[in-house]
Amino acid sequence: MNLIILASHGKLAQGMKHTAEMIIGDTKQIYAFGAYREEEQSIKKKIEKVISRTNEQTDVYLLTDILGGSVNTEVMQLLRDYPDIQIVTGMNLPLVLSLATQSEKISDKRLEELLEESRQAVLDCTRLVKEKTKEEEL
């Protein structure tokens with residue numbers, strides 16, 4: 001089983017989870033945590049509680065919003081105690097959906113393919129339309 005943990009500033013992670021569920025249905029394997037200024041418990045502690053309840057057969061994918069941000073920096077510390085988790089930053093909906101719909105263990109090669117697919121989903125639509133319009137004018 002693949003466990004997906006989304007971690008962000010504010011409510012981005014919760015919104016990402018909600019949107020994923022609108023598309024693929026209820027997902028018990030996705031958790032979402034947001035960091036706020038006035039929290040009683042750190043986001044790292046909240047995530048650690050979820051990870052500590054998993055077994056060895058569970059692959060954990062922890063997605064954060066931005067490299068070097070406070071959330072990413074804090075969750076990177078989890079690698080000390082949980083060296084087998086995968087932490088990916090720059091999360092987007094295509095990546096969340098791809099990870100959530102994988103039914104088998106994700107190899108390192110497959111993970112890199114999924115990451116590349118999610119990178120390719122970021123496009124300048126305005127440029128695409130302008131290029132298409134130019135082609136049609138010729």
Any side-chain heavy-atom pair of [X] and [Y] under 4.5 Å:
X      : Y      : result
Tyr61  : Leu3   : no
Val50  : Phe33  : yes
Pro94  : Glu117 : no
Thr64  : Val88  : no
Asp108 : Gln86  : yes
Asp81  : Glu48  : yes
Lys105 : Asn2   : no

With sequence neighbours left out, write down each residue that passes side-chain contact (heavy atoms from CB on, under 4.5 Å) with [X], or none if nothing qualifies.
X      : result
Gln41  : Lys45, Lys46, Lys49
Arg80  : Gln77
Glu116 : Arg119, Gln120
Ile23  : Thr19, Leu93, Leu97

So which atom in [X] and which in [Y] form the shortest heavy-atom distance, rounded to 0.1 Å?
X      : Y     : value
Ala20  : Val96 : CB-CG1, 4.1 Å
Val60  : Ile5  : CG1-CD1, 4.0 Å
Leu62  : Ile51 : CD1-CD1, 4.5 Å
Ala7   : Met91 : O-CE, 3.7 Å
Ala100 : Gln29 : O-NE2, 3.0 Å
Leu111 : Leu99 : CD1-CD2, 4.2 Å

Could you check Arg110 against Glu113 for salt bridge (charged side-chain N to carboxylate O under 4.0 Å, His left out), going step by step and ending with a plain yes or no? CA-CA 5 Å; Arg110 181 65 181 139; Glu113 290 170 355; 3.1 Å; yes
Under 3.5 Å, sequence neighbours excluded: what are the donor-acceptor pairs made by side chains of residues 10-17?
| from | atom 1 | to | atom 2 | distance (Å) |
| --- | --- | --- | --- | --- |
| Gln14 | NE2 | Tyr36 | OH | 3.4 |
| Lys17 | NZ | Ile30 | O | 3.3 |

Same cluster (ILVMFWY, side-chain, under 4.5 Å), Leu63 and Leu67: no
Please tell me whether Leu6 and Val71 are part of a single hydrophobic cluster in this structure, the criterion being side-chain heavy atoms less than 4.5 Å apart. no
Examine distances only and state if a side-chain atom of Asn55 and a backbone atom of Thr58 form a donor-acceptor pair shorter than 3.5 Å. yes
Val129: hydrophobic cluster co-members (side-chain, 4.5 Å): none
For Asp65 and Ser8, does a side-chain donor sit closer than 3.5 Å to a side-chain acceptor? no
